[in-house]
Amino acid sequence: QIEKPEQQRSLRRQKRQNNAIPIVSIVGYTNAGKSTLLNHLTLSTVLSEDKLFATLRPTSRRLELGRGRALVLTDTVGFIHDLPPDLVAAFKATLEELQDADLLLHLVDMSDDEFDARIEAVDRILEDLGLGQKERLLVFNKQDLVEPEVARALARRFDALTISALDKDSFEALELELERRVFASRQRREQDDA
């Protein structure tokens, strides 16, 4: 069951690479709001539910940033700590998309009392997948569920952005940072290759 979608994903990845469209993969603990963010940023209708593993395979959508710039935003399966080995093997196939990403957008539910442990669990899984050095942007979600001063303090402490995936008005700084990071890193790579 894993192999067939894996072949299709491989073909789509190759097509995106040939078109030189930057890829940003959304990673994070389960229920951080990854699918909701993808839907609201790209005006999509990807399944978004408040339950474990509502997303079982990567979903990619195009995000227009203006000035003729666009990127592909990919929603991935939610991480959990102490994932059983059989599930790790199954999810590794779906997480191969992360290898091709120009940037990992690490989304964190800031209203979760255990968000520190969730961040560590995601970081550990990324290390296990060989993605520890991949560039990341930390984004705290659900700012509408915490006091504004708490959101500001967390953003400063973690050098992160804060948003509410349900509020498009909170996306401006995120979209600007995505554009800055993705196109700057792509430009650096092209200069290194020249």
Side-chain angles (χ1 to χ4, degrees), residues 22-55 58-61 63-66 69-82 95 98 101-127 131-185:
I23 300 168
V24 173
S25 290
I26 307 171
V27 298
Y29 210 80
T30 191
N31 278 342
K34 296 179 298 299
S35 298
T36 301
L37 179 60
L38 178 81
N39 282 337
H40 284 88
L41 272 172
T42 64
L43 306 177
S44 302
T45 55
V46 172
L47 176 66
S48 172
E49 292 183 300
D50 184 16
K51 68 177 190 180
L52 287 175
F53 308 127
T55 301
T59 303
S60 298
R61 296 291 183 267
L63 173 61
E64 299 292 338
L65 295 168
R69 288 183 163 177
L71 57 82
V72 171
L73 199 61
T74 301
D75 181 20
T76 59
V77 64
F79 295 5
I80 62 168
H81 68 287
D82 299 329
L95 294 170
L98 302 178
D102 293 270
L103 176 70
L104 301 180
L105 190 165
H106 182 174
L107 195 66
V108 178
D109 176 355
M110 68 190 326
S111 71
D112 186 329
D113 291 338
E114 298 181 20
F115 73 85
D116 278 340
R118 307 288 191 234
I119 291 172
E120 288 174 20
V122 170
D123 287 345
R124 210 169 26 254
I125 291 168
L126 290 172
E127 285 287 340
L131 296 165
Q133 301 305 310
K134 183 74 80 170
E135 185 178 359
R136 280 177 242 173
L137 171 61
L138 187 64
V139 178
F140 281 108
N141 185 27
K142 306 187 186 180
Q143 70 180 15
D144 53 311
L145 299 180
V146 301
E147 294 297 324
E149 58 272 10
V150 171
R152 285 192 294 275
L154 286 175
R156 279 192 306 275
R157 178 176 153 208
F158 287 90
D159 190 25
L161 296 175
T162 63
I163 63 162
S164 168
L166 298 173
D167 179 11
K168 282 193 66 115
D169 291 339
S170 71
F171 296 164
E172 185 178 354
L174 173 59
E175 290 180 353
L176 288 170
E177 187 64 12
L178 287 175
E179 184 175 12
R180 187 185 73 75
R181 294 252 195 134
V182 168
F183 289 97
S185 68

(message) So, applying side-chain contact (heavy atoms from CB on, under 4.5 Å) with Arg61, which one of Thr42, Asp75, Leu43 is it?
(response) Thr42

(request) State whether the side chain of Arg152 and the backbone N or O of Thr162 hold a donor-acceptor pair below 3.5 Å, judged by distance alone. (result) no

(request) Could you go through the side-chain contact (heavy atoms from CB on, under 4.5 Å) check for Val108 and Phe158 one step at a time? (result) CA-CA 11 Å; Val108 178; Phe158 287 90; over 6 Å; no

(request) Start with the C-alpha gap between Val146 and Phe140, add the side-chain angles, then the distance that decides, and say whether side-chain contact (heavy atoms from CB on, under 4.5 Å) holds. (result) CA-CA 11 Å; Val146 301; Phe140 281 108; over 6 Å; no

(request) May I ask you to test the Val24-Leu63 pair for a side-chain heavy-atom distance under 4.5 Å? (result) no

(message) Working to the nearest 0.5 angstrom, can you tell me the gap between Ile119 CD1 and Leu107 CG?
(response) 10.5 Å

(message) So, taking the atom named CG in Asp144 and the one named CE in Met110, what distance separates them when rounded to the nearest 0.5 Å?
(response) 10.0 Å

(request) Return the minimal non-hydrogen interatomic distance between Glu64 and Ala70, and the atom names on each side. (result) OE1-CB, 3.7 Å

(request) For the pair Asp102 (side chain) and Ile23 (backbone), establish whether a donor and an acceptor sit closer than 3.5 Å, ignoring hydrogens and angles. (result) yes

(message) Closer than 4.0 angstrom, basic N to acidic O: yes or no for Arg180 and Glu177?
(response) yes

(request) Taking all heavy atoms of Lys168 and all of Leu41, pick out the closest pair and write down the distance. (result) NZ-O, 4.3 Å

(message) Using only atom types and a distance under 3.5 Å, with no angle test, would you say the side chain of Lys134 pairs donor to acceptor with the backbone of Leu104?
(response) no

(request) Can you measure from CG (Leu73) to CD1 (Ile26) and round to the nearest 0.5 angstrom? (result) 4.0 Å

(request) Decide if atom CD of Glu149 counts as having more than 12 heavy atoms of other residues, nucleotides or ligands within a radius under 6.0 Å. (result) yes

(request) Heavy atoms only: give me the nearest Ser60-Thr74 pair and the separation to one decimal. (result) OG-OG1, 2.9 Å

(message) Test your reading of the model: is there a side-chain donor-acceptor pair from Lys34 to the backbone of Thr76, 3.5 Å cut-off?
(response) no

(request) Determine, for Lys142 against Asp112, whether the closest basic-nitrogen to carboxylate-oxygen distance falls under 4.0 angstrom. (result) no

(message) To the nearest 0.5 Å, what is the distance between OG on Ser170 and CG on Leu161?
(response) 10.0 Å

(message) Do Phe183 and Leu65 have side chains that approach each other closer than 4.5 Å (heavy atoms only, starting at C-beta)?
(response) yes

(message) I need the Arg69 CZ to Glu179 CD distance, nearest 0.5 Å.
(response) 5.0 Å

(message) Just verifying a value: how many Å separate Tyr29 OH and Ile125 CD1, rounded to the nearest 0.5 Å?
(response) 7.5 Å

(message) For a 4.5 angstrom cut-off between non-hydrogen side-chain atoms, does Arg118 reach Asp109?
(response) no

(message) Has His40 got a side-chain atom pairing as donor or acceptor with Ala165's backbone, closer than 3.5 angstrom?
(response) yes

(request) Apply the test side-chain contact (heavy atoms from CB on, under 4.5 Å) to residues Arg136 and Asp123: give CA-CA distance (whole Å), side-chain angles for both, the deciding distance (0.1 Å), then the verdict. (result) CA-CA 10 Å; Arg136 280 177 242 173; Asp123 287 345; 2.7 Å; yes

(request) Work out which heavy atom in Phe171 is nearest to a heavy atom in Ile163; give both atom names and the distance. (result) CE2-CD1, 4.2 Å

(message) Please check: side-chain N/O of Ser25 versus main-chain N/O of Leu98, any donor-acceptor pairing under 3.5 Å?
(response) no

